[in-house]
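I have placed the structure first, in the form of structure tokens, so that the comments after it can refer back to it.
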Amino acid sequence: EAQVTQNPRYLITVTGKKLTVTCSQNMNHEYMSWYRQDPGLGLRQIYYSMNVEVTDKGDVPEGYKVSRKEKRNFPLILESPSPNQTSLYFCASSLLIDEKLFFGSGTQLSVL
Amino acid sequence: AQTVTQSQPEMSVQEAETVTLSCTYDTSENNYYLFWYKQPPSRQMILVIRQEAYKQQNATENRFSVNFQKAAKSFSLKISDSQLGDTAMYFCAFGALRAGGTSYGKLTFGQGTILTVHP
């Protein structure tokens, strides 16, 4: 089944404790991206990747890191999480950026 | 920078009636594409409809259609014969293309409109 697998679905952590949210797709998509969803603000793009080893900042990249060492994986790293990073996070992929995005099931992150 | 505005935080409609969700965007680009995505309470993101700016014809997908007004930078979504399963948050999204047709990679979403369909 074609899908984007995102883990974990829920995560509670404390300020400053490094964490990684994993994202993997099995569709051989070139384009992958991360978004955060906050009430009243919609989805905002954090980082995106057009292909392996090619990543670029979205609109809200501060406090996040990504890597794209393999085509299928695009992890989101929070090196020192802060409470303002409490949010719902989505990973997405598509064959081409202007085609339909396939989204993961989301990660609800709470930073205490 | 591109901006996308959904001015209706919440809308409601009776089952079987028609509702229109508004979306406006601001860009200096001439070539771009637009989406409407739906997010039901399950929080899964589902593509509703897609429109390319160079196409004058409005996109339709079954009960869903758009009114794309390029000069006005408006991209509204019309849902006909509303069903209970249409209850969801709806997001409008914009992505710009370079002159050669390749994407910049950035995708900008609006704030979302919560639609409730009443029986």
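Values reported hereafter were calculated over all heavy atoms of this structure, with side chains retained and with hydrogens, waters and symmetry mates removed. Just so it is clear: chains get the letters A, B, ... in the order the sequence lines come, proteins before strands, and each one is counted from 1.
Residue-environment remark: NZ (B/Lys70) exceeds the threshold of 12 foreign heavy atoms within 6.0 Å. The number of heavy-atom neighbours closer than 6.0 Å to NZ of A/Lys71, taken from other residues, nucleotides and ligands shown, is above 12. A 6.0 Å sphere centred on CZ of A/Arg72 holds no more than 12 heavy atoms belonging to other residues, nucleotides or ligands.
The two residues B/Arg43 and A/Thr107 have their closest heavy-atom pair at NH2-N, 4.1 Å. Listed here is the closest heavy atom pair of A/Leu101 and B/Tyr37: N-OH, 2.9 Å.
No part of A/Gln6 comes within reach of chain B, as not one of its non-hydrogen atoms sits under 4.5 angstrom from that chain. With a 4.5 angstrom heavy-atom cutoff, A/Phe102 does not touch chain B via any of its atoms. Residue A/Leu41 touches chain B through its backbone alone, counting heavy-atom pairs closer than 4.5 Å.
A/Phe90 contributes atom CZ, which lies 10.0 Å from atom CZ of B/Phe109 (distance to the nearest 0.5 angstrom). Of the inter-residue distances, the one linking A/Leu88 atom CG with B/Gln39 atom CD reads 6.5 Å to the nearest 0.5 angstrom. Separation of atoms CD (A/Gln37) and CE (B/Met45) is listed at 6.5 Å; rounding is to 0.5 Å. The structure places NZ of B/Lys106 at 7.5 Å from CD of A/Gln45, a figure rounded to the nearest 0.5 Å.
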Evaluate the side-chain contact (heavy atoms from CB on, under 4.5 Å) criterion for residues A/Tyr48 and B/Leu107: first the C-alpha distance (whole Å), next the side-chain angles of each, then the deciding distance (0.1 Å), finally the verdict.
CA-CA 9 Å; A/Tyr48 61 94; B/Leu107 193 62; over 6 Å; no
